[in-house]
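Residue numbers run from 1 in the order of the sequence given. These values consider heavy atoms only, across backbone and side chains, with no hydrogens, waters or symmetry-generated copies.
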Amino acid sequence: MSPRTENPLPPTGTANGTPGAATIFEITASAADAGNRLDRFLAGAIGTVSRSRVKALIEAGQTSRDGTPVTDPSESVRAGAAYRLVQPAAVDAAPQAQSMPLSILFEDRHLIVLDKPAGLVVHPAPGNQDGTLVNALLAHAGDELTGIGGEKRPGIVHRLDKDTSGVMVVAKSEPAHVALSAAFAERDLERSYLALAWGVPSPAAGEVDAPVGRHPTDRKRMAVVARNGKHALTRYATERAWGTGCALLRCRLATGRTHQIRVHMAHLGHPLVGDPVYLRRIPAAARGLSVASRDVLLAFPRQALHAETLGFRHPVTGETLRFSAPLPPDMKELLALLERNGE
């Protein structure tokens, strides 16, 4: 079979001859390629990148068809379509220390408890290789984190989504890392979140017991699934409601699945204000607010979710610890706006 790569760039971590830049592959499918799985087709056409790597790049949003993003590796290839795959440049295996301000609630030789701001990624990942909490922790704690929990995620025993604020704990010693990891795995701790959701749940307090797994067609999302999901249980209580438009909920996690609160609240019909993934359209509940409040809530740029409280036993001393962080300014302003507008 003749090559179908149009102006391919060599798989050497360069693009347009620039060292350290991404490698871009542009490939046009022939009639003979139609119907093949996309990841198999691209891996075969490129020849120097494994199929598993190609699949991961597709799922990470590094592929397009005729300029339209493609994230499903199993998609059928279309004859005549122009595919573009971007392979990011290689990065150092170990994160580098970067000095950044941290809001530390507690610290000793075994652990750090901090109030993570919204917008801060916890650990390096494709698209966010620096400027993360790990980079800041390495600058703050230095050699204390070396080798604790692995090279990529030193000291990290749990995480908060980039745009979720609130309390986190990080291990500084190996005994602390082992004990805290076990506590999170066994749910032997207290975790309480505050969430501003569209609409008002009925009943006002209850629980969502529904398995969570990867969305069957959108691999970047999680969903309540009938098969291959993990047990997930969220207990909620309504702290304050503004008409029928929105409510401040206190959510307590009995399990800790990816995006659990966001997925469960959306499943309940009450997606979180500002959620860029699980709020798919303007909610009907928005009609229950004044125009002024509705417009501000619809424009809120992140999920309105805050990890307010974290309680656990000290992994070395056994002392019971409990930490809370106040609502961040942007969420406080949302609540103040609702009050001012007399909702």
inquiry  = Can you give me the closest heavy-atom contact between Leu189 and Gly311, atom names plus distance?
reply    = CB-O, 3.1 Å
query = Do the side chains of Leu120 and Lys162 get nearer than 4.5 Å, heavy atoms only?
reply = no
ask   = Are Ile112 and Ile156 connected, step by step, through hydrophobic side chains (Ile, Leu, Val, Met, Phe, Trp, Tyr) whose heavy atoms are closer than 4.5 Å?
value = yes
inquiry  = For a quick test of reading the model, state the closest non-hydrogen atom pair linking Thr238 to Ala247 and the distance between them.
reply    = CG2-CB, 4.1 Å
query = At their closest point, which heavy atom of Ser50 faces which heavy atom of Ala43, and how far apart are they?
reply = C-CB, 4.3 Å
ask   = Side chains of Glu207 and Thr234: is there a donor and an acceptor less than 3.5 Å apart?
value = no
ask   = Is the closest basic N to carboxylate O distance between Arg252 and Glu308 below 4.0 Å?
value = no
query = Is there side-chain contact between Glu75 and Ile58, with at least one heavy-atom pair below 4.5 Å?
reply = no
task = Name the orientation class of the two ring planes belonging to Phe184 and His158 (parallel below 30°, tilted from 30 to 60°, perpendicular beyond 60°).
result = parallel
key: Nearest non-hydrogen partners of Leu180 and Val169, listed with the distance   = CD1-CG2, 4.0 Å
message = Would the distance check show the side chain of Asp108 and the main-chain N or O of Leu111 forming a donor-acceptor pair, the cut-off being under 3.5 Å?
response = yes
inquiry  = Tell me whether Arg322 is salt-bridged to Glu190, with the criterion being a basic N under 4.0 Å from an acidic carboxylate O.
reply    = yes
ask   = In terms of hydrophobic clustering (I, L, V, M, F, W, Y; side-chain heavy atoms under 4.5 Å; direct or indirect links), are Leu138 and Val170 co-clustered?
value = yes
query = Going by distance alone, is a donor N or O of one side chain under 3.5 Å from an acceptor N or O of the other, for Asp72 and Ser74?
reply = yes
inquiry  = With no hydrogens and no angle check, just 3.5 Å: does a side-chain donor-acceptor pair link His123 and Asn135?
reply    = no
request  = Report the C-alpha separation of Met168 and Val113 in whole Å, then their side-chain angles, then the decisive distance to 0.1 Å, and conclude whether the side chain to side chain contact (heavy atoms under 4.5 Å, CB included) test is met.
outcome  = CA-CA 6 Å; Met168 279 191 63; Val113 181; over 6 Å; no
message = If I take atom CZ from residue Arg235 and atom CG from residue Leu249, how far apart are they, to the nearest 0.5 angstrom?
response = 15.5 Å
key: Evaluation steps, side chain to side chain contact (heavy atoms under 4.5 Å, CB included), between Arg340 and Leu337   = CA-CA 5 Å; Arg340 288 197 303 269; Leu337 172 76; 3.8 Å; yes
request  = Evaluate whether atom NZ of Lys172 has more than 12 neighbouring non-hydrogen atoms of other residues, nucleotides or ligands under 6.0 angstrom away.
outcome  = yes
message = Assess, by modelled atom type and distance only, whether the side chains of Thr164 and Gln303 contain a donor and an acceptor separated by less than 3.5 Å.
response = yes
Value rounded to 0.5 Å, distance of CG in Leu160 from NZ in Lys116 = 6.0 Å
key: Side chain proximity check, Leu85 to Ile27, heavy atoms < 4.5 angstrom   = no
query = Under a 4.0 Å N-O cut-off, is there an ion pair linking Glu339 with Arg240?
reply = yes
ask   = Roughly how far, to the nearest 0.5 Å, is the CZ atom of Arg287 from the CD1 atom of Ile282?
value = 10.0 Å
message = Grouping I, L, V, M, F, W and Y whenever their side-chain heavy atoms are under 4.5 Å apart, do Leu310 and Ile261 come out in a common cluster?
response = no
query = Does CD1 in Ile104 sit with more than 12 non-hydrogen atoms of other residues, nucleotides or ligands closer than 6.0 Å?
reply = yes
ask   = Does a side chain donor of either His306 or Tyr193 reach within less than 3.5 Å of an acceptor in the other side chain?
value = no
query = What are the two closest heavy atoms between Gly274 and Trp198, and how far apart are they?
reply = N-NE1, 4.5 Å
request  = Please determine, by modelled atom types, if Ser192 and Arg250 share a side-chain donor-acceptor pair under 3.5 angstrom.
outcome  = yes
ask   = Taking all non-hydrogen atoms of both residues, which atom of Gly131 and which atom of Met100 are closest, and how far apart?
value = C-CE, 3.8 Å
query = Please walk me through it: do Glu59 and Arg214 pass salt bridge (Lys or Arg N to Asp or Glu O under 4.0 Å)?
reply = CA-CA 12 Å; Glu59 291 178 338; Arg214 286 287 171 190; over 6 Å; no
message = Any salt bridge linking Asp330 with Arg302? Criterion: basic side-chain nitrogen under 4.0 Å from a carboxylate oxygen.
response = yes
ask   = When you look at CZ of Arg313, are more than 12 heavy atoms from neighbouring residues, nucleotides or ligands closer to it than 6.0 Å?
value = no
remark   = Taken to the nearest 0.5 Å, the spacing of Gln98 CD from Leu133 CG works out to 11.5 Å
query = So, are Asp218 and Lys220 salt-bridged, with charged N and O less than 4.0 Å apart?
reply = no
ask   = Which is it for Gln62 and Arg84 under the side chain to side chain contact (heavy atoms under 4.5 Å, CB included) test, yes or no, and what are the steps along the way?
value = CA-CA 8 Å; Gln62 299 289 346; Arg84 188 174 191 268; over 6 Å; no
query = Is a donor on one side and an acceptor on the other found under 3.5 Å between the side chain of Ser181 and the backbone of His177?
reply = yes
task = Verify side chain to side chain contact (heavy atoms under 4.5 Å, CB included) between Ser76 and Leu38, making sure each step is shown before the conclusion.
result = CA-CA 6 Å; Ser76 294; Leu38 179 58; over 6 Å; no
inquiry  = Does this structure show an ion pair linking Arg78 with Asp33, if we count only N-O contacts that are shorter than 4.0 Å?
reply    = no
query = Heavy atoms, side chains only, cut-off 4.5 Å: are Phe312 and Leu321 in contact?
reply = yes
ask   = Hey, does Arg51 have a side-chain heavy atom less than 4.5 Å from the side chain of Arg40?
value = yes
Donor-acceptor contact present, side-chain Tyr278 to main-chain Met222, <3.5 Å = yes
task = Give a yes or no on this: more than 12 heavy atoms of other residues, nucleotides or ligands lie within 6.0 Å of atom CZ of Arg109.
result = no
Within-4.5 Å side-chain heavy-atom neighbours: Val212 and Lys230 = no
key: From Leu57 atom CG to Asp39 atom CG, the distance as rounded to the nearest 0.5 Å   = 11.0 Å
key: Aromatic ring pairing Phe106/His314, orientation class (parallel under 30°, perpendicular over 60°, tilted between)   = perpendicular
request  = Indicate yes or no for a side-chain donor-acceptor contact from Thr28 to the backbone of Ala82 under 3.5 Å, with no hydrogens or angles considered.
outcome  = no
message = Between Val167 and Leu194, is there shared hydrophobic-cluster membership here, with clusters defined by ILVMFWY side-chain heavy atoms closer than 4.5 Å?
response = no
request  = State plainly whether one hydrophobic cluster holds both Phe300 and Leu305, where clusters connect Ile, Leu, Val, Met, Phe, Trp and Tyr through side-chain heavy atoms under 4.5 angstrom apart.
outcome  = no
inquiry  = Less than 4.5 Å apart, side chain to side chain, heavy atoms only: is that true for Leu338 and Ser293?
reply    = yes
request  = Could you tell me the separation between the CG atom of Asp275 and the CG atom of Leu196, rounded to the nearest 0.5 Å?
outcome  = 12.0 Å
query = Would you call Thr132 and Val122 a side-chain contact if the rule is heavy atoms closer than 4.5 Å?
reply = no
